[in-house]
Amino acid sequence: MSTLPIANPLFPVFLKLEQLRVLLVGGGNVGLEKLTAILRSSPATTVTVVSITFLPELRELAARHPAVQLHQQAYNDTFLDDADVVFAATDDPALHRRIKEAARTRRLLVNVADTPPLCDFYLSSVVQKGALKVAVSTNGQSPTVAKRLRAVLEEALPDELDAVLQKMPAIRQQLAGDFAEKVRTLNAVTAGLAGGPGYEAPATRCWRRVALGALLAAGALAAARFLPAPEARKNIE
């Protein structure tokens, strides 16, 4: 019996990178790009950056993050001994292959810039609205498409969505009943996100109104961004 191929077999995870030790090899433009991506999501991550030279912008970025250490020297495999995750971001393909082989013997995960076959994982395009974080992956096929989709999601998702997420823990703590009942109630509370009807029990009506009110307000603000002005609507009609 044949099975259909998986279009994107990558397993999506969100790492607690601030609990891991990161090694970044490369101090040029690609190294700066990788370090920026790491610190944007996990600013307290311990990062060791190794390179013979460093861009001034990379030095400035590192200076703002005490957990980032710069080592201005040639890479050697001993740096892997104190690493959990490795980023190879130089312009030297031979060095990248060497890093990959040495990291494999130590069972370390490696991301190699612009070389998908050598990567154990890819960096995704990320949309963040407060506590909400959405990652977009194209299985390494097109970072440009991923960036375009990120831009679409950034525009479509209202900034006020984070206010709704902040209310959810308090609502969840007040719920009574068994697991199935709690699931139905939380589905009702968040029904406005998908524009669909939701189950509503009398005991949870008050909490639903609080959260749904915030959702409707967020939706109205989002809709206002895309609707034409009254004068423009008259011209359209």
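Values reported hereafter were calculated over all heavy atoms of this structure, with side chains retained and with hydrogens, waters and symmetry mates removed. This is a predicted model, so every value here is computed, not measured.
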Chi angles and distances behind the side-chain contact (heavy atoms from CB on, under 4.5 Å) call for Val136, Ser124: CA-CA 5 Å; Val136 180; Ser124 57; 5.6 Å; no

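Within the structure, ring pair (Phe, Tyr, Trp, His ring centres under 6.0 Å) pairs that include any residue of residues 145-170 do not occur (at least two apart or interchain). Within the structure, every pair that satisfies the side chain to side chain donor-acceptor pair (under 3.5 Å) test and touches residues 36-52, not counting sequence neighbours, is listed here: Ser41-Lys133. Contacts classified as side chain to side chain donor-acceptor pair (under 3.5 Å) and involving residues 79-89 (residues at least two apart or in different chains) are given here: Arg21-Asp84, Asp81-Arg106. Contacts classified as salt bridge (Lys or Arg N to Asp or Glu O under 4.0 Å) and involving residues 53-79 (residues at least two apart or in different chains) are given here: Asp77-Arg98.
For Val134, the side-chain contact (heavy atoms from CB on, under 4.5 Å) partners at least two apart in sequence or on another chain are Val127, Leu132, Leu153, Leu157. Applying the side-chain contact (heavy atoms from CB on, under 4.5 Å) criterion to Ala131, with sequence neighbours excluded, gives Asp162, Leu165, Gln166. Under the rule for a side-chain contact (heavy atoms from CB on, under 4.5 Å), the partners of Ala94 that lie at least two apart in sequence or sit in another chain are Asp92, Arg97. Listed by chain and residue number, nothing satisfies the side-chain contact (heavy atoms from CB on, under 4.5 Å) test with Glu33 (two or more places apart in sequence, or in another chain).
Cluster note: Phe14 groups with no other residue, as no ILVMFWY side-chain heavy atom lies under 4.5 Å from it. In this structure, Phe79 shares a hydrophobic cluster with Leu23, Val25, Val50, Tyr75, Leu80, Val86, Leu95, Ile99, Leu108, Val110, Val112, Leu118, the cluster being traced through Ile, Leu, Val, Met, Phe, Trp and Tyr side chains under 4.5 angstrom apart. Alongside Val13, the hydrophobic cluster contains Phe11, Leu15, Leu17, Leu20, Val22, Leu24, Leu32, Leu35, Ile38, Leu39, Val47, Val49, Phe54, Leu55, Leu58, Leu61, Val68, Leu70, Val85, Phe87, Leu109, Phe121, Leu123 (criterion: ILVMFWY side chains under 4.5 Å).
The nearest pair of heavy atoms linking Pro43 to His65 is O-CD2, 3.2 Å. In this structure, Ala44 and Glu18 approach most closely via the heavy-atom pair N-OE2, 2.9 Å.
Looking at Gln72, its side chain does come within 3.5 Å of a backbone N or O of Ile52 through a donor-acceptor pair. Here the side chain of Lys129 pairs a donor or acceptor atom with the backbone of Glu154 at under 3.5 angstrom.
In Asp120, the CG atom is crowded: over 12 heavy atoms of neighbouring residues, nucleotides or ligands sit closer than 6.0 Å.
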Could you go through residues 139-149 and list every donor-acceptor pair under 3.5 Å that involves a side-chain atom there, pairing it with any protein atom two or more places apart or in another chain?
residue: Gln141; atom: NE2; partner: Asn139; partner atom: O; Å: 3.3
residue: Ser142; atom: OG; partner: Val145; partner atom: N; Å: 3.2

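For the pair Pro117 and Thr115, the minimum side-chain heavy-atom distance is below 4.5 Å.
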